[in-house]
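Computed from heavy atoms alone, side chains included, the values below leave out hydrogens, waters and symmetry copies. Start at 1 with the first residue, then count along the sequence.
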Amino acid sequence: MKMKTIKKIAAGILSFSLIFSLAACGGGGNGGSADGGEKTKLYVVNWKDYGSDDAEFVKAFEEANNCEIVNTYMDSEEDLLTRLKTSGEGEIDVCLPNCTILPAAISGGYLEEIDTSKIANFNDLFDRFKTQEECFGDDGKMYAVPFVWGSTALAYNTNDFDKAPDTIAVLFDEKYKGKITFRDDYNDAIMTAALVLGQDPNNPSDLNAVKELLIKQKALNRTYWQTGDEFSKLFVSGNISVGLMWSGQAATMKQEGEPISFTVPADGAIGWVDNWAIPAKSQNKELAYKFINAMLDKDFQHRWASGGGPAPANQAAAEMVDPEYAASAGMDEESLGRLVFMKYRSDDVKKAWNELWTEVKTA
């Protein structure tokens with residue numbers, strides 16, 4: 001009871017301080033209706049349960065900016081890219097493209113150039129994220145701002161493993177036949193198989209060998225999962241011992257008391273970076289800047305990361321995270337150094353990879 005009381009008090013203090021900081025960094029009353037009428041709506045496209053719909057954040061931002069956040073959710077990165085291509089004026093004000101689609105979104109003219117002088121918290125980002133290659137167009141201008149990073153690596157049941165698996169090849173080990181799960185995603189599958197084969201995960205030299213390995217793995221696989229909820233149910237029911245999983249999902253499940261742990265093995269795993277961007281057709285660009293700045297706030301990023309969210313792009317926030325927890329969630333610098341970050345794929349490459357993955361699943 002004492003701990004619960006402390007947590008409630010701390011949450012209240014944080015909520016108050018967040019409202020204050022949001023107002024102090026330009027929130028004011030400039031976001032909503034000047035005459036006290038209907039509040040300005042900020043249309044956000046993001047993953048579900050991915051920060052922008054955090055109840056505490058939403059309440060603080062809306063109060064500080066006299067506005068309403070309207071979240072809609074994407075099914076995939078390609079879904080977001082399609083929305084950017086087809087949306088009308090004012091239908092999307094801010095969105096979260098991954099580095100895998102950013103070059104296409106930028107070259108297509110779907111995104112607004114970013115003025116980092118309007119994002120005070122940009123200065124707190126890790127240096128590597130301030131110069132994230134995919135965030136820049138061929139014109140040298142910046143079109144997106146890194147938000148969080150993470151990994152798709154190994155989540156395993158601590159009741160079934162005495163120590164963390166030290167290789168991604170455990171997913172191809174017959175010892176765990178029927179207790180392994182892969183994500184139903186051609187990027188994750190092909191990159192992981194390439195790692196095992198010693199090929200460049202972003203540019204495999206022998207796709208036939210990759211396909212053959214994945215077909216062999218299929219016989220060991222319990223099932224291919226598509227959503228975090230599917231993975232969670234498989235794990236909780238005891239149907240799987242090890243599988244590909246996102247760092248944030250594993251951290252959340254661990255906090256919920258599941259016997260799960262996460263590791264980026266010595267031979268590497270897949271890394272990714274999610275970025276905030278402002279569509280060229282946004283009708284609320286200034287409010288979108290305030291939103292991005294608030295999403296990069298060190299207190300918000302620290303709270304979200306510590307509660308099971310992805311790793312912060314904000315260095316000050318990352319340094320506030322408990323080191324032991326950071327290591328267990330794969331968000332420490334040592335894990336970061338072992339990741340191979342996903343890169344942009346051309347339409348031809350995506351088509352070839354998708355066809356390969358379809359062949360594997362139907363083999």
Side-chain angles (χ1 to χ4, degrees), residues 22 25-54 57-122 132 134-148 273-296 344 347 350:
L22 288 174
C25 68
N30 298 325
S33 172
D35 59 6
E38 185 178 352
K39 292 182 178 179
T40 298
K41 289 181 171 62
L42 185 74
Y43 294 97
V44 181
V45 178
N46 190 10
W47 299 105
K48 186 173 175 55
D49 300 322
Y50 211 67
S52 63
D53 55 3
D54 176 89
F57 171 84
V58 170
K59 181 176 184 293
F61 186 83
E62 289 181 342
E63 289 183 4
N65 293 281
N66 188 31
C67 68
E68 178 185 348
I69 293 175
V70 180
N71 282 290
T72 57
Y73 305 110
M74 56 191 185
D75 298 323
S76 66
E77 296 297 335
E78 294 301 321
D79 174 40
L80 174 57
L81 187 58
T82 298
R83 293 193 196 195
L84 287 170
K85 290 178 181 178
T86 60
S87 64
E89 294 288 334
E91 290 184 13
I92 307 174
D93 291 312
V94 64
C95 59
L96 194 79
N98 187 278
C99 284
T100 56
I101 66 164
L102 262 180
I106 294 170
S107 63
Y110 310 132
L111 301 180
E112 182 83 359
E113 180 189 352
I114 292 292
D115 180 356
T116 58
S117 71
K118 295 182 178 182
I119 306 173
N121 290 319
F122 181 83
Q132 183 72 33
E134 290 83 359
C135 291
F136 292 82
D138 292 337
D139 56 7
K141 297 177 180 179
M142 192 173 200
Y143 289 88
V145 181
F147 171 45
V148 291
V273 182
D274 288 329
N275 317 271
W276 286 116
I278 301 174
K281 294 180 181 178
S282 168
Q283 297 295 294
N284 292 298
K285 293 184 173 68
E286 293 306 311
L287 187 57
Y289 272 113
K290 293 174 183 178
F291 172 87
I292 293 173
N293 191 58
M295 282 271 102
L296 297 181
Y344 168 69
D347 288 341
K350 285 188 285 189

Kindly say whether Ile119 contributes a backbone atom to a donor-acceptor pair with the side chain of Thr116 at under 3.5 angstrom?
no
With distance as the sole test, does Lys48 use its side chain to make a donor-acceptor pair with the main-chain N or O of Asp75 at under 3.5 Å?
no
Quick one: closest heavy-atom pair of Phe291 and Phe57, and the distance?
CE1-CE2, 3.8 Å
Might you point out which heavy atoms bring Ile69 and Glu62 nearest each other, and give the distance in Å?
N-OE2, 2.8 Å
So which atom in Ala144 and which in Ala277 form the shortest heavy-atom distance, rounded to 0.1 Å?
CB-CB, 4.1 Å
Distance-only check: which donor-acceptor pairs under 3.5 Å involve side-chain atoms of residues 92-106, not counting sequence neighbours?
| from | atom 1 | to | atom 2 | distance (Å) |
| --- | --- | --- | --- | --- |
| Asp93 | OD1 | Ser282 | OG | 3.0 |
| Asp93 | OD1 | Gln283 | N | 3.2 |
| Asp93 | OD1 | Asn284 | N | 3.4 |
| Asp93 | OD2 | Tyr43 | N | 2.9 |
| Asp93 | OD2 | Asn284 | ND2 | 3.3 |
| Asn98 | OD1 | Thr100 | N | 3.0 |
| Asn98 | OD1 | Thr100 | OG1 | 3.3 |
| Asn98 | ND2 | Val273 | O | 3.4 |
| Asn98 | ND2 | Asp274 | OD1 | 2.9 |

Decide, yes or no, whether a salt bridge links Lys281 with Glu89 under the criterion of side-chain N to carboxylate O below 4.0 Å.
no
If you apply the rule side chain to side chain contact (heavy atoms under 4.5 Å, CB included), what do you find for Leu296 with Phe147, and how did you get there?
CA-CA 6 Å; Leu296 297 181; Phe147 171 45; 4.2 Å; yes
Any salt bridge (charged side-chain N to carboxylate O under 4.0 Å, His left out) involving residues 134-144? Give me the pairs, sequence neighbours left out, ordered by first then second residue.
Glu113-Lys141
Roughly how far, to the nearest 0.5 Å, is the CG atom of Asp115 from the OH atom of Tyr289?
5.0 Å
Could you state the interatomic distance from CG (Asn65) to CD (Glu286), rounded to the nearest 0.5 Å?
11.5 Å
Nearest heavy-atom contact between Phe61 and Ala294 is CD1-CB, 3.9 Å
Nearest heavy atoms of Asn46 and Ser52, plus distance in Å:
ND2-OG, 2.9 Å
Before giving the answer on side chain to side chain contact (heavy atoms under 4.5 Å, CB included), spell out for Tyr143 and Tyr110 the whole-Å C-alpha distance, their side-chain angles and the decisive distance to 0.1 Å.
CA-CA 10 Å; Tyr143 289 88; Tyr110 310 132; over 6 Å; no
May I ask you to say whether Lys59 pairs ionically with Glu63, meaning some side-chain N is under 4.0 Å from a carboxylate O?
yes
